[in-house]
Amino acid sequence: AQRVTQPEKLLSVFKGAPVELKCNYSYSGSPELFWYVQYSRQRLQLLLRHISRESIKGFTADLNKGETSFHLKKPFAQEEDSAMYYCALSGVSGNQFYFGTGTSLTVIP
Amino acid sequence: ETGVTQSPTHLIKTRGQQVTLRCSSQSGHNTVSWYQQALGQGPQFIFQYYREEENGRGNFPPRFSGLQFPNYSSELNVNALELDDSALYLCASSLDIFTDTQYFGPGTRLTVL
């Protein structure tokens, strides 16, 4: 079975503090991992994907196959980072997608 | 370039009825996926259509069916509605079957009474 787990439903950090949103997955194969974000009153949108190995809005995520994790990190949180974050997984063929239950991040001024 | 649009925005149905939700893909996209998002949950994959053919399906019963048209717009049909079908239904399009970046629509909020 394929599953994406985000253990924290709610996460609050102070502005300027580091933030880490956790994501663990189980998948029998080589998955592709993503982070999607939904800002208030906006659509769900892609934040980053592991194969790109890029930093978007200061966020990075490293795929750790040994720990089956894909945690999202940012060294200094900003107020505009407050949003709902979803970790997602797709199989290599790209025709199956699994989302986690999401983590609501609040950055306190 | 127009984004993904969905209609209607909101819908109220009663148990046992049938419903059709519509989605217009982003220009140039030939792949569309549908998701069900219950309150407080992440989106759950229903199925994906690529060039008018169903290409993948999640764990949903056959009463959830879909269509993709030659212009790549899409429909989600749900028969014999149940109370648990109440949810936000999201449509997402992508450039190609092998391109995983999905562009989401605003969703249709379905309430089943």
Side-chain angles (χ1 to χ4, degrees), chain A residues 1-10 21-25 27 29-54 56 61 63 70 72 83-105, chain B residues 1-7 9 23-26 29-60 66 68 74 87-109:
Chain A
Q2 289 79 17
R3 182 179 296 177
V4 178
T5 303
Q6 294 179 251
E8 304 139 328
K9 281 198 93 63
L10 302 171
L21 291 86
K22 291 184 168 51
C23 172
N24 289 91
Y25 68 90
Y27 186 79
S30 296
E32 292 200 34
L33 275 297
F34 309 82
W35 279 97
Y36 278 81
V37 61
Q38 188 167 25
Y39 300 103
S40 179
R41 297 189 186 86
Q42 292 189 27
R43 304 175 182 201
L44 198 56
Q45 59 185 284
L46 179 68
L47 179 62
L48 55 79
R49 49 193 299 189
H50 89 270
I51 61 171
S52 300
R53 300 187 65 81
E54 56 191 346
I56 304 293
L63 179 60
F70 188 57
L72 183 68
M84 179 67 84
Y85 291 81
Y86 293 96
C87 183
L89 173 158
S90 82
V92 66
S93 61
N95 65 350
Q96 290 280 342
F97 289 87
Y98 302 91
F99 281 83
T101 51
T103 297
S104 177
L105 173 66
Chain B
E1 184 179 273
T2 55
V4 178
T5 60
Q6 292 186 244
S7 62
T9 306
C23 171
S24 272
S25 299
Q26 188 159 315
H29 289 188
N30 61 22
T31 303
V32 65
S33 301
W34 284 91
Y35 296 85
Q36 180 194 67
Q37 187 173 21
L39 206 58
Q41 301 296 316
Q44 275 199 286
F45 175 68
I46 302 175
F47 43 58
Q48 181 186 80
Y49 276 81
Y50 168 67
R51 295 189 173 181
E52 303 177 58
E53 298 285 332
E54 186 179 292
N55 179 56
R57 190 177 182 94
N59 190 27
F60 280 81
Q68 188 181 30
S74 176
L88 181 68
Y89 287 85
L90 296 168
C91 161
S93 72
S94 52
L95 190 60
D96 180 74
I97 190 174
F98 298 113
T99 304
D100 292 327
T101 301
Q102 298 180 81
Y103 296 84
F104 282 83
T108 293
R109 173 73 62 188

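All of these numbers come straight from a predicted model, not from anything done at the bench. Reminder, nothing fancy here: chain letters follow the sequence lines and each chain counts from 1.
Nearest heavy-atom pair, A:Q96 versus B:R57, reported as atom, atom and distance to 0.1 Å: NE2-O, 2.8 Å.
Within the 4.5 Å cutoff, side-chain heavy atoms of B:Q37 are placed close to those of A:Y86. Counting heavy atoms from C-beta outward, A:R43 and B:Y103 have side chains that stay 4.5 Å or more apart.
Judged purely by atom type and a 3.5 angstrom limit, A:Q45 has no side-chain atom pairing as donor or acceptor with the backbone of B:F104. For A:Y36 (side chain) and B:Q102 (main-chain N/O), a donor-acceptor pair under 3.5 Å exists by modelled atom type.
Among B:G107, B:G56, B:G42, the residue with the largest count of heavy-atom pairs under 4.5 Å with chain A is B:G42. Of the listed residues (B:G58, B:S33, B:G105), the greatest number of heavy-atom pairs within a distance under 4.5 Å of chain A belongs to B:G105.
Side-chain rings of A:F99 and B:Y35 approach one another, their centers coming within less than 6.0 Å.
Residue pairs meeting the salt bridge (charged side-chain N to carboxylate O under 4.0 Å, His left out) criterion with at least one partner in residues 42-53 of chain B, sequence neighbours excluded, are absent.
Qualifying side-chain contact (heavy atoms from CB on, under 4.5 Å) partners for A:T103, counting only residues two or more places apart in sequence or in other chains: A:Q6, A:E8, A:L11, A:L21.
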